[in-house]
K.L.:
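After the structure tokens below, expect a handful of questions from me.
For the numbers below, each heavy atom of this structure counts, side chains included, while hydrogens, waters and symmetry mates do not. Whatever order the structure lists ligands and atoms in, that order sets their numbers, starting from 1.
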Amino acid sequence: MTDAALALDAFAQWYGRRAAGVWSAPGRVNLIGEHTDYNDGFVFPFGLDRRTQVALGDRDDRVIRVASAFAPEAVSLHLDELSPDAVSGWAAYPLGVVWALREFGADLSQVRGVDLHLTSDVPVGAGLSSSAALECAVALALNEHWGLGFDRPTLAKVGRLAENRVVGAPTGILDQSASLLAETDAGVFLDCRSLDAEVIPLRFAEEDLEVLVVDTHVEHAHATGGYAARRASCEQGARVLGVESLRDVHVDDLPRAAELLDDETFRRVRHVVTENQRVLDTVRTLRERGPSAIGTLLDASHVSMRDDFEISVPELDLAVETSQRHGAVGARMTGGGFGGSAIALVAKPLVPAVSEAVLTAFAERGFRAPTVFTVSPSQGARRDV
Ligand code: ADP
Ligand code: MG
């Protein structure tokens with residue numbers, strides 16, 4: 001059965017009738033461009049072939065009810081009672097989107113309520129943004145079902161607002177943009193200052209390359225504090241250098257920055273400045289030389305995060321180094337750091353050997369067994385049925 005058929009089935013089982021439609025949106029992985037989003041810089045994610053489906057059916061009243069295969073109970077909220085504090089827990093994501101649509105000007109005073117049911121094969125909490133997949137699937141579904149007329153960049157902002165205000169997670173626009181704008185075998189090159197997005201062909205399939213994800217299952221308690229500290233260092237660096245954000249610092253400015261900043265702040269700044277340049281170089285290299293030539297940029301990105309930004313952990317370093325040693329084109333940790341996943345760009349015939357080597361290396365070091373799987377760059381949010 002297809003995922004859409006499963007979603008229809010699950011809806012019918014839960015609500016006892018057929019859904020009016022199924023929409024889905026992918027999780028994402030960031031190919032390169034880490035901790036650059038909040039510095040007004042560049043990111044380059046792609047959509048995964050792992051998606052969250054939302055099946056939707058009308059109701060006769062003005063209640064929104066949402067159920068998920070992940071949760072034992074459905075959660076209901078009346079459309080006249082939308083507020084950022086109305087719900088907590090997992091239901092804050094879908095119901096937060098409804099509130100955020102209204103904040104962006106949707107007139108919901110006349111719409112009928114809906115029943116929603118969520119299914120997903122995006123791993124939760126692995127840094128692959130199951131949260132954005134959920135938000136974007138729900139946002140697109142309601143936008144189309146209620147005829148609200150928002151474009152995709154606006155729906156991305158709706159998802160971000162839901163996550164920031166209702167869930168309370170201070171995230172940027174990267175995840176939702178990737179989930180909504182992604183295309184098959186392509187990446188989304190996003191300028192986080194102008195929010196201009198360009199879809200860039202990756203040609204992984206053409207060159208027989210696969211992306212291996214190593215989910216380390218490491219989740220550090222200081223991830224939130226570490227994230228806040230990195231943001232503060234970046235703001236401090238920009239202030240001392242007299243720029244609005246680190247986006248305005250070029251690689252050629254780094255020698256001067258080294259004179260003005262303390263060692264730690266300088267290294268934080270150097271990561272962001274060189275990472276922005278690596279995103280630009282990756283896009284240019286893809287166009288001029290193809291995907292097999294971007295490996296050194298991925299490798300350099302990891303070194304920069306490990307040594308300058310100091311957000312890697314031994315498990316991520318081991319996943320990256322083992323992949324590289326066994327023939328990966330390039331490898332790096334991805335996401336915010338302090339745990340989560342690493343990615344490796346690998347020639348298809350080498351995928352089994354690299355996966356095996358990573359599992360063995362983790363066992364030898366006494367680390368918890370990671371989950372290793374391949375992903376391919378896939379289409380963004382869409383209506384399935
Ligand atoms: P990530 O986005 O990296 O997977 P987050 O912590 O940002 O991790 O988001 C995960 C949370 O999103 C889950 O704990 C849950 O509350 C919610 N969520 C994600 N997918 C689903 C789903 N299919 N059904 C219900 N809740 C979900
Ligand atoms: Mg998330």
K.L.:
Less than 4.0 Å between a side-chain N and a carboxylate O, is that true for Asp61 and Arg112?
P.N.:
no
K.L.:
Can you pull out the closest protein heavy atom to atom 3 (O) of ligand 1? Residue, atom name and distance to 0.1 Å, please.
P.N.:
Gly127 N, 3.4 Å
K.L.:
Would Arg332 and Ser301 count as having a side-chain donor-acceptor pair, cut-off 3.5 Å?
P.N.:
yes
K.L.:
Would you say the side-chain atoms of Gln53 and Trp23 include a donor-acceptor pair closer than 3.5 Å?
P.N.:
no
K.L.:
Can the positive tip of Arg193 be found less than 6.0 Å from the middle of the six-membered ring of Phe42, inside 45° of the ring normal?
P.N.:
no
K.L.:
Return the closest protein heavy atom for atom 27 (C) of ligand 1 as residue, atom name and distance.
P.N.:
Leu134 CD1, 3.3 Å
K.L.:
Could you list the atoms of ligand 1 found under 4.0 angstrom from a heavy atom of Ser120?
P.N.:
23 (N)
K.L.:
Considering heavy atoms of the protein only, find what lies nearest to atom 25 (C) of ligand 1 and give residue, atom and distance to 0.1 Å.
P.N.:
Ser68 OG, 3.3 Å
K.L.:
Please list, in number order, the atoms of ligand 1 under 4.0 Å from a heavy atom of Val124.
P.N.:
4 (O), 10 (C), 13 (C), 14 (O)
K.L.:
Let me check your reading of the structure: within less than 2.8 Å of the Mg ion (ligand 2), is there an N/O/S atom from Ser131?
P.N.:
yes
K.L.:
Which residue owns the protein heavy atom closest to atom 11 (C) of ligand 1, what's the atom, and how far is it?
P.N.:
Tyr93 OH, 3.7 Å
K.L.:
Give the residue, atom name and distance (to 0.1 Å) of the protein heavy atom nearest atom 19 (C) of ligand 1.
P.N.:
Ser130 OG, 3.3 Å
K.L.:
Return the orientation label for the Tyr15 and Phe11 ring planes: parallel under 30°, perpendicular over 60°, tilted otherwise.
P.N.:
tilted
K.L.:
Does any N or O in the side chain of Asp115 come within less than 3.5 Å of the main-chain N or O of Gly57, such that one atom is a donor and the other an acceptor?
P.N.:
no
K.L.:
Any side-chain donor-acceptor pair under 3.5 Å between Thr154 and Asp151?
P.N.:
yes
K.L.:
Return yes when Gly125 approaches ligand 1 closer than 4.0 angstrom through a heavy atom, no otherwise.
P.N.:
yes
K.L.:
Report yes or no: do Asp107 and Ser109 form a side-chain donor-acceptor pair below 3.5 Å?
P.N.:
yes
K.L.:
Considering only the protein, which heavy-atom contact is closest to atom 15 (C) of ligand 1, and what is its distance?
P.N.:
Trp90 CB, 3.9 Å
K.L.:
Considering heavy atoms of the protein only, find what lies nearest to atom 2 (O) of ligand 1 and give residue, atom and distance to 0.1 Å.
P.N.:
Ser131 OG, 2.9 Å
